[in-house]
Q: 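For reference, the structure I am asking about is given below.
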Amino acid sequence: MTTRPRGTMAWLRDHDEERVHAYFGSREQWAAIGGWAGFEEPRPPRTPTYLDHGYDEDKDPAQWTGHDLAAAAAFRGGELLSPAPEDIRTAVKWRCGLGHVFSGSPFLILLGGHWCPECVRDPAGYSRQAEHNRFLVQLLD
Ligand SMILES: [Zn+2]
């Protein structure tokens, strides 16, 4: 399939530089990938670990305060911009470490694990986001 007209190897063979650039970045970046001889199969650790979500997960969500929500936001490098709502399913405003303002309920953010909808669409920027987002650091290690 890769050598068929819409395949990645066909783009290289046929000097379709526009597609090579869009998919690999450049012909040089493709060449830097290397062959299978140097490929190492990912071997995740066999010992389960827990992620730190930046707040006390043993605390009853009905008891969450503005401090709990702000601490969870700070752990992700951002901040809570609204007062804590009465109901954890009520949307409030947050700002991520890159300055994007978005809405989400404490339920969605803390229990659902969601965060900035702009940043999550930029996987190539995860390393840069991890400079201020301690939650993300755990996932990239
Ligand atoms: Zn963001």
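Keep in mind it's a predicted model, so treat the numbers as computed, not measured. Counting convention: from 1, in listed order, for ligands and their atoms alike. Worth knowing before you read on, the calculation uses all heavy atoms, side chains too, and leaves out hydrogens, waters and symmetry mates.
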Q: What is the total of protein N/O/S atoms that are closer to the Zn ion (ligand 1) than 2.8 Å?
A: 4

Q: List in chain and number order the residues that pass side chain to side chain donor-acceptor pair (under 3.5 Å) with T49, two or more places apart in sequence or in another chain; answer none if no residue qualifies.
A: none

Q: Mark yes or no for whether D122, through its side chain, and C119, through its backbone, hold a donor-acceptor pair below 3.5 Å.
A: no

Q: Check this for me: does any side-chain nitrogen of one of K59 and D56 sit under 4.0 Å from a carboxylate oxygen of the other?
A: no

Q: Please determine if R76 forms a cation-pi arrangement with F135, meaning its NZ or CZ atom is less than 6.0 Å from the six-membered ring centre and no more than 45° off the ring axis.
A: yes

Q: Can I get a per-line list of side-chain donor-acceptor pairs under 3.5 Å for residues 1-10, giving both atom names and the distance, sequence neighbours left out?
A:
none

Q: Got a sec, which residues hit side chain to side chain donor-acceptor pair (under 3.5 Å) with R89, two or more places apart in sequence or on another chain?
A: none

